[in-house]
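What follows is one structure encoded as structure tokens, with my remarks underneath.
Only a predicted model underlies this, so the values are computations on that prediction, with no experimental measurement involved. All values below come from the heavy atoms of this structure, side chains included, with hydrogens, waters and symmetry mates left out.
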Amino acid sequence: MRHIGRAVGNFWAPLVPAARVAWLRRVIYPFVIVDVLVFVRDPIPHGDVPTALYRPLLVRQLLHLPEPSPVYVRVLFGVLLLSALVAATGRLPRAAGWVCTLAMLDWLSNGMSYGKVDHDHFALVVALFVLPTVGRVRTRDREPDAAAGWAVRMVQFAVVACYCLAAWAKVRQSGWGWASGSTLTWALTRRGKGLAEILAGQPTLIHVMQWVSWTAEFCSPLMLWLRGRPLYAYLLFWGLFHLSTYLLLTIHFLPLVVCLLAFVPLERLGDADRTLRPAWARRRRGADARPRGASATPSSAR
């Protein structure tokens with residue numbers, strides 16, 4: 001039983017270098033800024049429309065979040081950008097991280113309380129909730145850390161859930177014959193141009209594409225166990241899949257794609273960073289890393 005408990009613990013909270021969380025913060029929080037400025041911009045105009053159009057999501061009802069107003073959404077906008085900027089620097093990782101998390105939850109639930117709910121932000125929201133639990137870490141912290149491993153694993157689970165539950169939703173709504181249907185053909189003719197119009201006339205190829213993507217979604221939990229080249233091949237497939245959906249249908253899943261980085265050993269970027277850093281900078285970093293009062297060269301043994 002002890003071995004089983006240890007195996008379960010290692011699965012849910014594997015030991016990963018704490019630097020991976022530091023690198024994830026350098027990606028996730030800046031993306032929040034881009035997301036708010038470029039992709040999810042609806043909350044600002046929502047503050048200026050009649051509240052009769054407002055249909056709050058369940059999460060807003062449970063948290064008693066207020067109805068959008070011109071002042072409220074603009075203050076929220078400023079708080080969200082500022083907290084994401086501070087969290088991205090690695091300073092005040094818990095305080096700035098939690099403020100950014102709650103502000104982003106408010107922002108997204110506002111944007112989706114007027115009709116369409118996008119599932120591509122689920123993994124991003126989970127990432128924002130778990131990153132502040134780790135505390136202060138640096139990109140050169142290579143020590144294995146269970147807290148960092150738990151945070152990374154939760155992001156991985158959220159990514160897998162997006163894919164796997166999307167596949168199950170297709171079964172629940174359209175049955176097991178979904179992959180042999182014309183969903184992609186309809187999307188290509190409705191949203192696509194150029195190459196998309198050519199593909200729309202190839203039903204056999206479209207069915208193959210639907211079967212491949214559907215099977216990959218159902219099998220996405222394997223990413224939690226895959227290692228090395230098989231895992232990277234799976235990640236490459238999803239990268240090409242999302243690129244093709246954007247090029248053919250102008251539909252992007254960037255929040256989900258960003259969270260795929262939780263499967264990548266980002267801590268190795270620190271090695272590349274140290275290699276590319278000029279020699280004087282490496283000497284300066286080494287001097288800063290030594291305890292105060294320590295000599296630059298080891299003293300000879302007496």
Side-chain angles (χ1 to χ4, degrees), residues 27-46 49 53 57 77 80-81 84 104 107-128 158-174 178-218 220 234-264:
V27 176
I28 295 294
Y29 291 121
F31 179 79
V32 167
I33 298 175
V34 174
D35 197 28
V36 170
L37 293 176
V38 179
F39 302 119
V40 186
R41 296 179 294 178
D42 296 337
I44 292 294
H46 285 169
V49 301
L53 302 175
L57 298 180
F77 178 73
L80 180 51
L81 292 183
M104 190 62 170
W107 184 267
L108 291 175
S109 61
N110 176 343
M112 299 178 191
S113 290
Y114 292 79
K116 182 173 177 287
V117 177
D118 297 323
H119 68 280
D120 62 336
H121 279 79
F122 173 70
L124 179 64
V125 172
V126 171
L128 291 176
V159 170
V160 168
C162 287
Y163 290 122
C164 195
L165 293 179
W168 176 245
K170 296 179 178 67
V171 174
R172 185 166 54 88
Q173 296 292 334
S174 305
W178 177 88
S180 298
S182 57
T183 302
L184 183 54
T185 301
W186 173 81
L188 290 171
T189 55
R190 178 173 175 264
R191 301 179 58 100
K193 294 180 180 180
L195 179 60
E197 296 176 345
I198 298 176
L199 287 175
Q202 306 294 326
T204 302
L205 177 59
I206 286 179
H207 286 165
V208 171
M209 294 169 64
Q210 290 183 160
W211 274 107
V212 170
S213 62
W214 196 35
T215 302
E217 287 177 335
F218 263 123
S220 59
Y234 221 134
L235 296 177
L236 177 61
F237 168 82
W238 286 125
L240 295 175
F241 170 80
H242 292 302
L243 178 62
S244 64
T245 57
Y246 178 74
L247 294 177
L248 295 174
L249 304 173
T250 63
I251 297 176
H252 75 85
F253 292 84
L254 275 180
L256 182 57
V257 173
V258 168
C259 291
L260 282 171
L261 292 174
F263 291 93
V264 179

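- How far CG of L260 is from CG of L235: 6.0 Å, rounded to the nearest 0.5 Å.
- Listed by first and then second residue, the ring pair (Phe, Tyr, Trp, His ring centres under 6.0 Å) pairs involving residues 179-202 amount to none (not counting sequence neighbours).
- Taking the side-chain hydrogen bond (donor to acceptor under 3.5 Å, both in side chains) definition, one finds that W211 meets it with S180, sequence neighbours left out.
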- Query: What do the steps show when you test V257 against F31 for side-chain contact (heavy atoms from CB on, under 4.5 Å), and what is the final call?
  - Reply: CA-CA 11 Å; V257 173; F31 179 79; over 6 Å; no

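- Taking CZ from R190 and CG from L249, the interatomic distance works out to 10.0 Å, rounded to the nearest 0.5 Å.
- Annotation: side chain of V160 is in contact with side chain of F263 (closest heavy-atom distance under 4.5 Å).
- The ring-ring contact (aromatic ring centres under 6.0 Å, His included) search around H207 returns none, not counting sequence neighbours.
- Applying the side chain to side chain contact (heavy atoms under 4.5 Å, CB included) rule to A158 yields the partners F122, A123, V126; only residues at least two apart in sequence or on another chain are considered.
- Residues satisfying the side-chain hydrogen bond (donor to acceptor under 3.5 Å, both in side chains) test with E217, not counting sequence neighbours, are K170.
- The aromatic rings of Y234 and F237 sit perpendicular to each other, their planes meeting at more than 60°, with 30° as the lower class boundary.
- S113 meets the side-chain hydrogen bond (donor to acceptor under 3.5 Å, both in side chains) test with no other residue; sequence neighbours excluded.
- Partners of L236 under the side chain to side chain contact (heavy atoms under 4.5 Å, CB included) rule, at least two apart in sequence or in another chain, are L240.
- Summarising the geometry, atom CD belonging to Q210 is positioned 6.5 Å from atom OG1 belonging to T185; distances are rounded to the nearest 0.5 Å.
- Here W178 pairs with T183 under the side-chain hydrogen bond (donor to acceptor under 3.5 Å, both in side chains) rule; sequence neighbours left out.
- Applying the side-chain hydrogen bond (donor to acceptor under 3.5 Å, both in side chains) definition to pairs two or more places apart or across chains, none involves residues 251-263.
- Partners of V171 according to the side chain to side chain contact (heavy atoms under 4.5 Å, CB included) rule, which considers only residues two or more places apart in sequence or in another chain, are W168, W176, W214, F218.
- Sorted by first and then second residue, the side-chain hydrogen bond (donor to acceptor under 3.5 Å, both in side chains) pairs involving residues 241-250 (not counting sequence neighbours) are Y163-H242, R191-T250.
- Side-chain contact check for P43 versus F77: every heavy-atom pair is 4.5 Å or farther apart.
- For the atom pair L247 CG and L195 CG, the distance stands at 9.0 Å (nearest 0.5 Å).
- Here side-chain hydrogen bond (donor to acceptor under 3.5 Å, both in side chains) pairs that include residues 35-46, with residues two or more places apart or in two chains, are D35-H121, H46-N110.
- Shown here for V40 and W107, the closest heavy-atom pair between the two residues is O-NE1, 2.9 Å.
- Taking 4.5 Å as the limit, every side-chain heavy atom of L184 sits out of range of all side-chain heavy atoms of L199.
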